Amino acid sequence: MTRHDTVSLPTGTVPARFRPPTGSSDAASVSLDGAWRFRLFPTPETGADPADRGDGWDTIEVPGHWQLAGAPDAWPYGTPAYSNVLYPFPVEPPFVPDANPTGEYRRTFELPEGWTTGGRAYLRFEGVDSWFEVSLNGTPIATSHGSRLPTEIDITDVAVPGENLLAVRVTQWSALSYVEDQDQWWLSGIFRSVTLEHRPEAGVAHARVLAGFDPLTGTGSLTVDVEGPTGARVTVPELGIDVAAGETATANVEPWSAERPRLYDVIVTAPGETITLRAGFRTVSIEDGVFLVNGAPVKLRGVNRHEFDPLRGRAVTTERMLEDVLLMKRHNVNAVRTSHYPPHPHFLDLCDEHGLYVVDENDLETHGFIDGGWTGNPVDDPAWEEVLVDRVTRTVRRDAHHPSIILWSLGNEAGSGRNVSAMAAAVRALDPTRPVHYEGDWSSDDVDVYSRMYATSEETELIGQGIEAPLARAEADARRRQMPFVQCEYAHAMGNGPGGLGDYDAIFDRYPRLMGGFIWEWIDHGLTRRDADGTEFAAYGGDFGEAFHDGTFIADGLVLPDRTPAPSLIEVAAVFAPVRIDEVGGGDALLVRNRYAFRDTSHLTFEWTLHHGDDVLSSGTLDDLRLAPGEETLVRPPTDLPLPTADHTPTWWTLRAVQHTADALDEPWFDDAAGPFVVSTGQVAVTLAVTQPVATGRAHQAVDGTVTVGHARFDARGTLIELHGRPVAELRVDAWRAPTDNDRREGSWTDLSDESVWKESGLHLLAERKISAEITDDGAFVVTARTAGPRTRNGFRAVYTWRPVADGSDDVDLHVSILPEGRWGQSIARLGVLLVLDEPAADDVEVRWHGLGPEESYSDSRVAAVGGSYVHTVRELQTRYTHPQENGARRGVTHAALRFPDGSDLVLDANPSRVGGRSVTGVELSLRPWSDAALDAAAHPHDLVPDGRLWMHLDAAQHGLGSAACGPGVLPNARLRATTAEVSVRFASRQG
Ligand code: IPT
């Protein structure tokens with residue numbers, strides 16, 4: 001037996017076999033999942049006898065991680081720890097620390113009668129992290145590793161009739177930890193299922209399934225090579241195919257694609273075993289540098305998916321896997337990169353069935369060697385070759401029968417070197433039908449597609465045009481230029497973001513060479529913890545007291561840890577929509593584009609409504625609209641529409657592409673019960689919001705100097721003290737926000753983070769000084785003030801003009817004009833006014849608003865935002881990001897009626913704002929029951945407690961989001977700089 005700290009192949013194991021769906025074979029198998037005996041030791045020298053049954057030990061659930069055995073309340077066997085790139089132990093491969101928690105697992109099983117006489121008995125482990133030794137009946141029989149890879153052990157000769165004792169020793173750290181340095185929690189143990197499998201005599205030892213499709217003839221071809229017995233046959237009853245294994249059969253078929261995941265039952269009958277596979281006919285190819293599926297160019301609108309469950313870590317249940325797949329399908333995601341290891345095999349069955357293109361990635365990452373210039377990187381060390389080739393071999397042999405897999409990936413962030421070539425050769429020998437992917441070597445010598453991560457949109461565009469900077473070696477450059485380009489990671493979804501997804505998507509569409517990409521990443525890996533007082537929260541790096549960790553960087557998903565879609569996933573659905581409906585021209589027409597590669601739009605109805613706020617003025621369907629794949633057309637609102645008189649709220653003509661029913665055969669993801677599925681929405685404003693005439697009433701000054709303007713009351717210095725009977729805590733210009741994770745980092749093309757620039761200008765500590773307050777001849781109350789932070793000469797001069805409406809209503813108009821003074825940096829966070837009202841139950845204030853929604857949106861994340869009328873409580877307006885930060889802005893708000901818990905109302909009607917001379921619809925509205933400072937200071941959402949006030953931002957503009965946490969910062973088209981701005985709002989005291 002080998003040791004955990006050696007670089008050597010597994011011992012005592014059999015070659016990896018393909019893994020058809022559970023239950024697809026008629027060979028018997030017994031699950032060994034459930035309660036096992038368990039004890040944790042501080043080092044691999046546990047002293048535990050493999051013959052010890054573990055009576056009196058603890059019990060632990062298999063599959064599971066020992067660090068999470070007591071989650072969310074207790075951590076009996078050590079805690080999870082999160083580190084991203086750098087190793088949490090000294091870099092001296094193959095050695096790992098002596099302090100190496102080691103779990104001893106025990107259980108007994110009965111070997112079913114007849115298993116060892118008629119055939120063989122195998123033990124199968126789907127995943128054990130990280131190194132393990134298996135003993136049966138007191139005798140060590142195998143050692144293995146490859147945490148996310150299967151291990152099979154032939155136990156026929158050691159197993160006894162009746163009861164057998166199985167002992168598994170699992171170390172947390174091993175030499176192999178050096179090649180499993182993925183950005184995730186370090187979690188150990190038997191975390192995927194264990195089964196006892198009967199391998200009948202003359203059964204199917206392994207099968208290789210090749211199912212191609214020729215789009216010119218509509219012919220599918222099927223070859224199933226069977227290892228093991230002779231005389232195996234392959235039948236496809238639906239197609240009348242009945243051939244010997246190894247023979248190629250052809251038939252007219254419906255092909256498989258992510259759009260139409262058509263599967264056929266393929267029955268492989270060996271003398272001793274029958275397996276029913278689900279096969280899909282499809283061919284992946286690269287022609288003229290374009291990536292094709294079944295002959296058609298396909299764009300990958302993908303996500304990177306780690307396996308994650310907030311309570312179970314990587315021991316994900318099949319229900320969770322299905323939940324992920326359905327969430328992806330229902331948000332127009334069509335591809336998954338299994339970052340950064342082969343997923344649980346059932347996940348791939350689901351991708352076949354529901355239709356997702358998969359990049360299946362090898363379990364390999366050596367990122368920590370980057371610190372030290374990749375010296376000693378296993379990927380370039382001959383001593384590691386057989387181990388790495390073994391890993392990728394096990395990946396391909398386990399998974400190659402899945403039609404969903406369209407690329408093999410050799411690993412992630414593992415640098416470059418000789419073993420990349422060795423792995424690529426091994427993959428090609430096993431499966432010549434799929435291109436090979438690996439991002440780590442930019443010269444692309446060993447791969448078939450050019451892959452990068454977080455390339456800027458500019459560089460992506462150059463690559464799209466084929467005019468990217470050349471490689472030093474001419475032949476390598478020429479070869480790479482023939483390759484399609486994929487961003488295996490882009491649009492980092494950490495916290496509030498990514499911004500700029502729509503820009504990337506438009507570039508992908510523009511150039512045939514670009515095959516799309518995979519957003520980083522699907523889910524926030526926040527682990528559920530319960531505080532002593534019972535409050536649950538999602539823990540990130542450091543929350544388990546780790547001395548060495550990477551903090552919040554683990555929380556960078558499109559879905560929150562409990563799989564609540566973050567606003568970014570709603571944006572993804574809109575940007576990735578296979579049928580896009582976008583405003584074009586002068587804003588009077590919609591471009592409808594069918595971006596399906598294989599489907600026309602006949603499964604969709606195009607439904608329109610004409611609406612003013614919530615008022616639906618008329619509606620209909622566009623019955624003649626049917627687009628072939630790749631086709632597009634312009635549509636305009638009917639000309640005979642009844643239009644209301646223009647006011648401060650736009651009238652929208654909104655067009656939706658709606659799917660009402662599943663296409664029974666090949667859309668199992670579609671849920672009739674969930675109601676119609678809106679694939680896409682687009683709209684044009686048929687009447688724009690117009691500026692309301694300025695109020696003409698007069699302000700009044702009392703003898704004590706206090707001023708009254710309608711229901712607004714001021715002290716003699718011009719400080720607003722009451723609005724509609726409600727005490728006002730503050731009114732001033734604001735230019736700061738609680739920095740997002742993106743604001744906090746430099747990004748790939750600015751030297752400074754936005755947050756540091758804002759701090760420099762004191763934006764986080766702004767305060768106002770009144771300069772003057774007077775009633776002008778025409779009756780307006782004009783207050784001038786200067787707002788600035790400490791240490792700087794920068795500041796904003798503001799002129800507030802208050803006027804009562806002369807209709808006896810006490811309504812009041814506020815016009816604010818803002819002028820920046822001084823020298824400003826690359827950006828400011830926002831520009832507008834902050835109004836803080838006393839309100840003990842601010843959470844429960846309900847707001848009915850007209851604007852772009854229903855979710856939050858930002859200037860570079862707004863494709864999903866639809867103009868309309870929405871109702872939210874202030875509580876609902878908050879997005880509970882795993883790590884609190886700016887959130888919840890609603891843009892284009894022209895009207896907002898606030899209903900306070902005491903039954904009173906405050907109604908805001910906003911005229912167009914101006915930013916740097918440009919007019920924008922309404923204001924950007926944010927409402928919070930706590931301050932931005934509190935939001936900034938909070939480590940977790942449950943740190944935030946309402947402070948008795950309602951914090952209201954009425955902004956002319958806010959800075960975009962960008963992707964600077966990992967990638968480019970806010971693009972120039974969404975960057976807010978210090979500039980002049982105007983905000984103009986009417987406050988009324990009754991529902992308008
Ligand atoms: C990239 C990693 O591949 C991915 O696993 C994740 O860590 C991501 O970064 C950040 O969240 S590598 C980085 C150097 C671009």
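The first residue of the sequence shown is numbered 1, and numbering continues consecutively from there. For ligands, and for the atoms within them, numbers begin at 1 and follow the listed sequence. Remember, it's a predicted structure, so these values are computed and weren't measured experimentally.
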Query raised in the report: Within 45° of the axis and under 6.0 Å from the centre of the six-membered ring of Tyr341, does NZ or CZ of Arg148 qualify?
Result: yes
**Report entry** For atom 2 (C) of ligand 1, closest protein heavy-atom neighbour
**Finding:** Glu489 OE1, 3.3 Å
Query raised in the report: Is the closest N or O pair between Trp520 and ligand 1 shorter than 3.5 Å?
Result: yes
Element-labelled atoms of ligand 1 that are located less than 4.0 Å from some non-hydrogen atom of [X]:
{"X": "Glu413", "result": "3 (O), 12 (S), 13 (C), 14 (C)"}
{"X": "Asp556", "result": "11 (O)"}
{"X": "Asp183", "result": "5 (O), 6 (C), 7 (O), 10 (C), 11 (O)"}
{"X": "Asn412", "result": "2 (C), 3 (O), 5 (O)"}

Report task. Would you sort out whether Arg394 and Thr151 count as a side-chain contact (heavy atoms from CB on, under 4.5 Å), showing the intermediate values? Result -> CA-CA 9 Å; Arg394 282 152 75 194; Thr151 292; 3.4 Å; yes
Query raised in the report: Counting heavy atoms not belonging to Arg452, are there more than 12 under 6.0 Å from its CZ?
Result: yes
Before accepting this row, confirm whether a basic side-chain N of the pair [X]/[Y] lies closer than 4.0 Å to the acidic partner's carboxylate O.
{"X": "Arg745", "Y": "Glu755", "value": "no"}
{"X": "Arg192", "Y": "Glu307", "value": "yes"}
{"X": "Arg744", "Y": "Asp754", "value": "no"}

Query raised in the report: Any idea which part of His340 is under 4.0 Å from ligand 1, heavy-atom wise: side chain, backbone, both or neither?
Result: side chain
**Report entry** Contact partition for Val85 relative to ligand 1, non-hydrogen atoms under 4.0 Å
**Finding:** neither
Query raised in the report: Does ligand 1 have any atom sitting under 4.0 Å from a heavy atom of His492?
Result: yes
Query raised in the report: Can you tell me if His367 has a non-hydrogen atom under 4.0 Å from ligand 1?
Result: yes
Query raised in the report: For Val486, which of Tyr450, Phe291, Phe518 qualifies under side-chain contact (heavy atoms from CB on, under 4.5 Å)?
Result: Phe518
